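Some notes on the structure that comes next.
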Amino acid sequence: MTGPSSPTATPVGELIVDWYASAARDLPWRTPEVAPWAVLVSEVMLQQTPVARVEPVWRVWTARWPTPADLAAEPAAEVIRAWGKLGYPRRALRLREAAIAITERHGGVVPSDVAELEALPGVGTYTARAVACFGYGRRQPVVDTNVRRVVARLVHGRAEAGNARAADLADIAALAPEDDERAVRFSVAVMELGALVCVAGTPRCGACPVRDRCAWRLAGAPPHDGPPRRVQKFAGTDRQVRGRLLDVLRAAREPVDAAALEPAWDDAVQRSRCLYSLLTDGLVEQTEDGLFTLPG
DNA sequence: TAGTCGTGGAG
DNA sequence: TCTCCAAGACT
C-alpha cells in the first residue's frame, strides 16, 4: 500500500525544499555573500511589512551602514529619517540599539547564538532564529505567520492558524529534512510556500507541492471554525496620529514649536497624548526651549 | 494574553 | 469604498 502517509513516500519536507529550488523569489538578502548583519536588518524591516516596501530601504541601509558599528555611531534622528515610511518606527530605534549592543557586547559581530540574539532589542523568537538560520546557516526551526498557516493546514487540517504557540517550533522541526543543509533551506522554503502558495486569502492549491499530503484538503477543506480574528482599525487611532506627527518632524530640519504640529491632527487632546507617547518612546525629543525634534 | 504599535497595496 | 493583511515584538 502506498497511501499519502506511507513510509516509502517522499517526506513533505523534501518536497517543499525541491519546490523552493524552482519557485523561490530572487530577494537580495538571500544571496549567499550577504552578511548576518544585513540579514538582521532585513528581518527587522520585514516584521509586519511587505517585501516590496522593504527592498529599496534595505538597499540604502546596507550600503550606508554595512556593519553594526556604522549604525551604532549614527544619531537616532538620522536612523528614524532613513526608516522612511516603513511603519512601526520604534523598530528603527531598536535596531540602532541592537547595533550598539552588538558593538559593545559582541565586539561588533552579530551573535549566532539564538539566546544571545533574543537578548538584543527588537529581536524576538522569530527574528533570532531567522538570523541564526539564514544568516549563519544554522539548523533552526523558524516560525512566522506564513509557517504557522502552512502547518495549520498541512499538519493540523485547519483553515487558519491560531495564535502563536510554543509547540509551533516543534511542529515545524518535525517536518524538517534530516540533512542539515536541506533543513536550513527548508526553513526559508516553508515561509516562501506560505507567502506565495499557501496564502492567507484563497490558497493556490493547484501550485502546491504537497497538496496531496495536506490534512486540510484531505479533510475536504473545511472553513475556519474558531473565533474570527479581529482586524485592527487604523483611521482615527493614535497610530495614525503618531504617524502624522512623526511625518512633520521627519520633514523638519530644525526643531519646531507645538503650533507647527497642529496641522498634523485637529483633535488637540489626542494630538498631545500622541506627542507625549512619542516622547516616551524616544522617537521625539524636546529641546531646552520647549521645541520638538527627532532625537539626537 | 490581549492590546498596541504604521503604512499602503490588493481584492 | 472598505476590509484584509504583510518575514513580530513588547507589555
Side-chain angles (χ1 to χ4, degrees), chain A residues 20 24-25 27-30 38-58 80 83-95 97-98 117-135 140-151 160-166 168-169 172 187-196 198-204 224 227-250 264-265 270 273-274 276-278 280-284:
Chain A
Y20 181 79
R25 290 169 292 180
L27 301 176
W29 43 82
R30 285 179 180 166
V39 172
L40 173 57
V41 171
S42 79
E43 293 300 341
V44 172
M45 288 183 171
L46 285 163
Q47 293 168 3
Q48 302 286 284
T49 309
V51 164
R53 218 177 311 162
V54 166
E55 193 168 333
V57 182
W58 180 86
I80 294 168
W83 193 255
K85 306 204 75 171
L86 280 183
Y88 294 140
R90 291 185 298 187
R91 289 183 294 169
L93 234 37
R94 290 180 183 140
L95 194 44
E97 288 160 10
L117 284 162
E118 279 185 319
L120 298 172
V123 177
T125 305
Y126 163 77
T127 304
R129 286 164 180 77
V131 170
C133 189
F134 310 145
Q140 281 290 332
V142 178
V143 176
D144 73 332
T145 184
N146 291 305
V147 174
R148 293 209 325 279
R149 188 172 53 248
V150 170
V151 171
E160 294 180 24
N163 292 321
R165 304 170 300 123
D168 292 338
L169 288 172
I172 199 63
S187 286
V188 67
V190 180
M191 290 175 60
E192 193 76 339
L193 186 65
L196 299 181
C198 197
V199 294
T202 307
R204 309 185 230 287
H224 177 59
R229 77 160 200 161
R230 19 168 275 294
V231 56
Q232 294 186 81
K233 291 294 174 210
F234 178 65
T237 63
D238 285 2
R239 266 160 52 239
Q240 181 178 26
V241 179
R242 284 165 54 103
R244 293 272 193 88
L245 291 170
L246 214 53
D247 222 11
V248 172
L249 293 172
R250 263 195 305 259
W265 197 255
Q270 189 178 17
R273 179 177 69 234
C274 290
Y276 182 82
S277 76
L278 288 169
T280 300
D281 287 347
L283 284 164
V284 175

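All of these numbers come straight from a predicted model, not from anything done at the bench. Side chains included, hydrogens not; waters and symmetry mates left out as well; all remaining heavy atoms used. Throughout, protein chains are lettered first and strands after them, A, B, ... in sequence-line order, and every chain is numbered starting at 1.
- Residue contacts shown for A:Leu27 include a base, since a base heavy atom lies under 4.0 Å away.
- Rounded to whole Å, the separation between the P atoms of C:dA7 and B:dT4 comes to 23 Å.
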Using nucleotides 3-6 of chain C, report all nitrogen or oxygen pairs with the protein that are shorter than 3.5 Å.
none

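- Taking atom C1' in both B:dG6 and C:dC4, one finds a spacing of 15 Å when rounded to whole Å.
- Checking A:Arg239 against A:Asn163, the closest nucleotide of DNA chain B that is more toward the 5' end is the one next to A:Asn163.
- Rounded to a whole Å, the CG atom of A:Leu40 is 18 Å from the P atom of C:dA7.
- Here A:Glu192 pairs with A:Arg25 in a salt bridge; the nearest charged N to carboxylate O distance falls below 4.0 Å.
- Distance check on atom C1': B:dC5 versus C:dC5 gives 15 Å, rounded to whole Å.
- Put simply, OH on A:Tyr20 and CG on A:Leu196 are 9.5 Å apart, with the number rounded to the nearest 0.5 Å.
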Can A:Leu283 and A:Arg242 be said to form a side-chain contact (heavy atoms from CB on, under 4.5 Å), step by step? CA-CA 10 Å; A:Leu283 284 164; A:Arg242 284 165 54 103; 3.8 Å; yes

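- Residue A:Arg250 is classed as a sugar-phosphate contact, given heavy-atom separations below 4.0 Å to backbone atoms only.
- Mapping heavy-atom proximity under 4.0 Å, the span of DNA chain B touched by chain A runs 5' to 3' from B:dG3 to B:dG8.
- No side-chain donor-acceptor contact under 3.5 Å links A:Gln140 and A:Ser187.
- DNA chain B is contacted by both A:Arg91 and A:Arg230; A:Arg230 maps to the nucleotide lying nearer its 5′ end (nearest heavy atom per residue).
- In this structure, the CE atom of A:Met45 is 16 Å from the P atom of C:dA9, given to the nearest Å.
- For the pair A:Trp265/A:Gln240, a side-chain contact is recorded, criterion being any heavy-atom separation below 4.5 Å from C-beta on.
- For the segment residues 117-126 of chain A, the set of residues with a heavy atom within less than 4.0 Å of an atom of DNA chain C comprises A:Pro121, A:Gly122, A:Val123, A:Gly124, A:Thr125, A:Tyr126, in numerical order.
- Between A:Arg90 and A:Glu97 there is no salt bridge, since none of the side-chain N atoms of the basic residue sits less than 4.0 Å from a carboxylate O of the acidic one.
- Computed from coordinates, the A:Arg90 CZ to C:dC10 C1' distance equals 7 Å when rounded to whole Å.
- Using a 4.0 Å heavy-atom distance criterion, A:Leu86 is classed as a base contact.
- In terms of modelled atom types and a separation under 3.5 Å, the side chain of A:Ser42 and the main chain of A:Val39 share a donor-acceptor contact.
- Taking 4.0 Å as the cut-off between side-chain N and carboxylate O, A:Asp247 and A:Arg244 do not count as a salt-bridged pair.
- Annotation: side chain of A:Val142 is in contact with side chain of A:Tyr126 (closest heavy-atom distance under 4.5 Å).
- Using a cutoff of 4.0 Å between basic side-chain nitrogens and carboxylate oxygens, A:Glu160 and A:Arg229 are not scored as salt-bridged.
- Heavy-atom contacts from other residues, nucleotides or ligands closer than 6.0 Å to OH of A:Tyr276 number 12 or fewer.
- The main-chain N or O of A:Met45 is found under 3.5 Å from a side-chain atom of A:Arg91 such that the two form a donor-acceptor pair.
- A:Trp29 comes within 4.0 angstrom of a nucleotide base, judged by non-hydrogen atoms across all strands.
- Rounded to whole Å, the separation between the C1' atoms of B:dG9 and C:dA9 comes to 24 Å.
- A:Thr127 comes within 4.0 angstrom of sugar-phosphate atoms only, judged by non-hydrogen atoms across all strands, and of no base.
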